[in-house]
Amino acid sequence: MPLRLTNTLSDRKEEFTPLTPGRVGVYVCGITVYDLPHIGHARFLVAFDTAVRFLRWSKLHVTYVRNWTDVDDKIIKRANERGEDPAVFSARYIEECKRDMAPLGVASADIEPKATEHVPEMIALIEKLGKGRPGWHIECSAMSQKYLGTTFDVHGGGKDLVFPHHENEIAQSEAASDQPLARFWLHNGFMTMDSEKMSKSLGNVRNIRDLLKSWDGESIRAFLLSTPYRHPISFNDMALADADGRVEYFYETLHKADVYLAAKKFSGRGAIEGPTRDAFREAMEDDLNTAQALAIVNELYKQLNANIDGKAAAQKVADLRAEVIDFGRVLGLGEREPIEAIRDRRSLAAHRKGIDLGWVEERIRERLAARKAKDFARADAIRAEVSAKGVELRDAATGTDWRVLP
RNA sequence: GGCACCGUAGCCAAGCGGUAAGGCAGGGGUCUGCAAAACCCCCAUUCGGCGGUUCGAUUCCGCCCGGUGCCUCCA
């Protein structure tokens with residue numbers, strides 16, 4: 001089945017074929033940098049990052065351009081309020097944005113043009129148009145044309161940009177070039193906060209940096225992918241906790257597989273040509289349905305667990321492991337070294353709940369001694385003690401591990 | 001007022017013409033000193049309501065009810 005994308009121009013799913021076979025040009029309207037990025041920014045960044053990952057997984061050569069709008073009235077106003085040079089101000093916020101995007105697995109685009117560095121191009125476009133006005137989204141018209149040509153494959157952005165930003169872009173670009181601007185227009189749906197609009201006046205804007213104090217960036221990404229990119233998505237702590245649990249499950253399973261394969265002294269490679277691969281591809285080909293893709297990945301993780309529990313052949317376990325890793329690369333989930341991810345995530349969770357790591361280790365040592373002495377009453381008392389603090393002890397043949405309860 | 005979108009099990013959420021994915025919660029089981037984790041089984045005769053089109057509708061059309069967004073250079 002070919003890739004089908006919902007094109008805002010026609011408001012329907014259309015079969016996607018690149019203008020130049022094998023190559024795709026993607027332009028996404030990026031962030032206007034006057035504050036820290038919020039969860040709504042995370043939504044579009046993750047959505048298009050995933051789209052690009054999938055195109056590349058599909059063996060297409062992608063040129064991904066995502067701009068930084070680093071000059072506009074809001075930026076100038078904000079910089080002036082702080083007595084700062086607008087250029088210095090916006091440059092700083094670009095760095096802050098990058099810092100917050102990294103934990104969400106959002107990679108840099110191939111080209112990240114800045115509006116301030118393309119003023120001559122904007123002026124040239126305006127001159128072509130006759131009477132023109134700086135602003136009116138001319139920056140995206142100028143930059144997309146420069147890096148991707150007058151007509152390119154995909155233009156993306158938030159739903160709010162359909163009008164007036166993208167209408168203006170089309171009007172001025174096409175007036176100047178007499179060619180269609182982009183063939184496919186993709187718009188991600190809005191993020192609401194508990195089904196309510198996220199806005200400064202309502203005081204419910206959540207920036208990524210604050211969220212990262214409590215949650216693993218990958219959990220935030222998993223939450224964002226749990227709904228198709230075009231649908232509205234409602235932010236709430238329970239949905240985030242669900243996503244966090246899913247990421248936990250992924251890494252626990254991967255780690256279990258690693259331990260299993262190491263015990264079997266398996267050093268081969270897994271093959272990734274299973275029937276599930278087709279199902280996964282079809283889900284993504286259906287307008288990048290990450291929710292469906294995630295369900296398929298989940299099913300595969302379950303199989304991986306079942307095979308380990310059932311003491312399956314190492315090759316079978318390695319195959320399944322290779323497959324979940326492969327799909328994970330498209331979704332940007334489960335890409336870290338499992339043991340490190342588990343450790344980092346546990347530290348974050350412990351910090352969130354105010355649990356002292358050293359204290360837990362000490363309790364585990366005490367309990368281990370009690371268990372060796374067959375003093376199970378004492379061992380259970382220690383379990384209850386740490387449990388009261390939100391820590392769960394997990395006994396295994398190799399020793400006692402622990403986790404922070406959700 | 002104009003224009004969109006949404007309403008699927010207790011909760012989150014796919015599917016959008018062929019007879020309801022997945023997750024959480026819940027119930028039962030295997031395993032376990034205890035406890036988890038993991039796995040297996042169960043959990044919507046039904047998709048806001050009423051009509052219509054169709055051999056067949058959660059999926060298309062109309063109306064109604066409920067929720068949200070845009071129409072101010074907010075992703």
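Letters go in sequence order (proteins before strands), and every chain restarts at 1.
- Residue-to-nucleotide contacts include a donor-acceptor pair under 3.5 Å from the side chain of R383(A) to the base of A35(B).
- Taking CD1 from I308(A) and OH from Y260(A), the interatomic distance works out to 7.5 Å, rounded to the nearest 0.5 Å.
- Using a 4.0 Å heavy-atom cutoff across all strands shown, R378(A) reaches no nucleic acid atom at all.
- Checking the phosphate oxygens (OP1, OP2) of A75(B), no side-chain nitrogen or oxygen of N188(A) falls inside 4.0 Å.
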What does the list of N/O pairs under 3.5 Å between the protein and nucleotides 69-72 of chain B look like, with a distance for each?
unit_1 : atom_1 : unit_2  : atom_2 : d
G69(B) : OP1    : K197(A) : N      : 3.0
C70(B) : OP1    : K197(A) : NZ     : 2.5

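- Using a 4.0 Å heavy-atom cutoff across all strands shown, M238(A) reaches sugar-phosphate atoms only and no base atom.
- One atom, NE2 of H165(A), and another, P of C73(B), lie 12 Å apart when rounded to the nearest Å.
- G189(A) comes within 4.0 angstrom of a base, heavy atoms only.
- The cationic group of R352(A) lies under 6.0 Å from the six-membered ring centre of W215(A) and within 45° of the ring axis, placing it in a cation-pi geometry.
- Nucleotides A44(B) and U19(B) have their C1' atoms positioned 14 Å apart, rounded to a whole Å.
- Considering only side-chain N and O atoms, N289(A) lies under 4.0 angstrom from the phosphate OP1 or OP2 of G15(B).
- Atom P of nucleotide A14(B) and atom CZ of R230(A) are separated by 12 Å, given to the nearest angstrom.
- Listed candidates were A38(B), A75(B), C24(B). Nearest to the side chain of K256(A) is A38(B).
- Residues M193(A) and N204(A) share a closest heavy-atom pair of CG-O, 3.3 Å.
- Taking a 6.0 Å sphere around CD1 of I339(A), one finds it holds 12 or fewer heavy atoms contributed by other residues, nucleotides or ligands.
- Taking atom P on both A9(B) and C64(B), the two are 24 Å apart, rounded to the nearest angstrom.
- Taking atom CZ of F250(A) as the reference point, atom P of G23(B) lies 10 Å away to the nearest angstrom.
- Within the nucleic acid shown, K374(A) has no heavy atom closer than 4.0 Å to any nucleic acid atom.
- Here, U68(B) and U32(B) have their C1' atoms 49 Å apart, quoted to the whole Å.
- Out of C34(B), A37(B), C39(B), the shortest distance to the side chain of R403(A) is found at A37(B).
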Sort me out a list of protein N/O and nucleotides 1-3 of chain B N/O pairs below 3.5 Å, or just none if empty.
none

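- Closest of all the heavy-atom pairs between G25(A) and L148(A) is CA-CD2, 3.8 Å.
- Comparing C16(B) with G22(B), their P atoms sit 16 Å apart, to the nearest whole Å.
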Q. Going through the distances and angles, do R343(A) and E340(A) end up as a salt bridge (charged side-chain N to carboxylate O under 4.0 Å, His left out)?
A. CA-CA 5 Å; R343(A) 194 188 55 221; E340(A) 286 173 18; 5.2 Å; no

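- Across all strands shown, H38(A) has heavy atoms under 4.0 Å from base atoms, whether or not it also approaches the sugar-phosphate.
- The side chain of N298(A) lies closest to G22(B), out of G33(B), A14(B), G22(B).
- The six-membered or imidazole ring of F235(A) lies near that of F223(A), with a centre-to-centre distance under 6.0 Å.
- Spacing between atom CG of L45(A) and atom P of C74(B) amounts to 16 Å, rounded to whole angstrom units.
- Listed nucleotides: A36(B), C39(B), G23(B). Nearest to the side chain of E392(A): A36(B).
- Pairing partner, U68(B): A4(B), with both Watson-Crick or wobble hydrogen-bond distances short of 3.5 Å.
- In this structure, the side chains of E167(A) and I170(A) stay at 4.5 Å or more apart for every pair of heavy atoms.
- With 3.5 Å as the limit, one finds a donor-acceptor pair spanning the side chains of S219(A) and R345(A).
- Among the nucleotides A21(B), C40(B), G33(B), the one closest to the side chain of A295(A) is A21(B).
- The partner of U19(B) is absent, by the rule that a Watson-Crick or G-U pair needs both atom distances under 3.5 Å.
- L393(A) has its CG atom 16 Å from the P atom of G33(B), to the nearest Å.
- Both A306(A) and A379(A) lie close to RNA chain B; mapped to their nearest nucleotides by heavy-atom distance, the more 5′-ward contact belongs to A379(A).
- In the set C34(B), A75(B), G23(B), the nucleotide with an atom closest to the side chain of R246(A) is G23(B).
- In this structure, A44(B) makes no Watson-Crick or G-U wobble pair, since no nucleotide meets both defining distances under 3.5 angstrom.
- Of the candidates C73(B), G22(B), C39(B), C39(B) carries the atom nearest the D309(A) side chain, counting heavy atoms from C-beta on.
- Comparing C43(B) with A37(B), their P atoms are spaced 22 Å from each other, to the whole Å.
- In this structure, P37(A) reaches neither bases nor backbone, as no heavy-atom distance under 4.0 Å exists between it and the strands shown.
- For the pair R346(A) and W402(A), the distance from NZ or CZ to the six-membered ring centre is under 6.0 Å and the angle to the ring normal is within 45 degrees.
- In this structure, L60(A) and P18(A) approach most closely via the heavy-atom pair CD2-CG, 4.0 Å.
- Donor-acceptor pairing under 3.5 Å, judged by distance alone, is present between the side chain of D395(A) and the base of C34(B).
- A21(B) and C61(B): their P atoms are spaced 24 Å apart (whole Å).
- C39(B): Watson-Crick or G-U partner is G29(B), with both key distances under 3.5 Å.
- Taken to the nearest 0.5 Å, the NE2 atom of H187(A) stands 4.5 Å off from the OG1 atom of T8(A).
- When each of Q303(A) and I39(A) is assigned the nucleotide of RNA chain B with its nearest heavy atom, Q303(A) is the one assigned upstream, toward the 5' end.
- Looking at D287(A) and Y229(A), their side chains do bring a donor and an acceptor atom within 3.5 Å of each other.
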Sequence neighbours left out, cut at 3.5 Å: what donor-acceptor pairs do the side chains of residues 85-92 of chain A make with other protein atoms?
unit_1 : atom_1 : unit_2 : atom_2 : d
D85(A) : OD2    : A87(A) : N      : 3.0
D85(A) : OD2    : V88(A) : N      : 3.3
S90(A) : OG     : D70(A) : O      : 3.3
S90(A) : OG     : P86(A) : O      : 3.1
S90(A) : OG     : A87(A) : O      : 3.3
R92(A) : NH1    : E84(A) : OE1    : 3.3
R92(A) : NH1    : E84(A) : OE2    : 2.3

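- Within the nucleic acid shown, G157(A) comes within 4.0 Å of sugar-phosphate atoms alone, with no base atom in reach, counting heavy atoms only.
- Remark: C63(B) base-pairs with G49(B). Criterion, Watson-Crick or G-U wobble with two distances under 3.5 Å.
- Between G2(B) and G17(B), the distance separating the two P atoms is 30 Å to the nearest Å.
- One can find a donor-acceptor pair under 3.5 Å joining the base of G33(B) and the side-chain atoms of D380(A).
- No contact: L294(A) has no heavy atom under 4.0 Å from any strand.
- Distance noted for atom P between C50(B) and A38(B): 41 Å (whole Å).
- Comparing C39(B), C5(B), A75(B) against the side chain of Y249(A) picks out C39(B) as the nearest.
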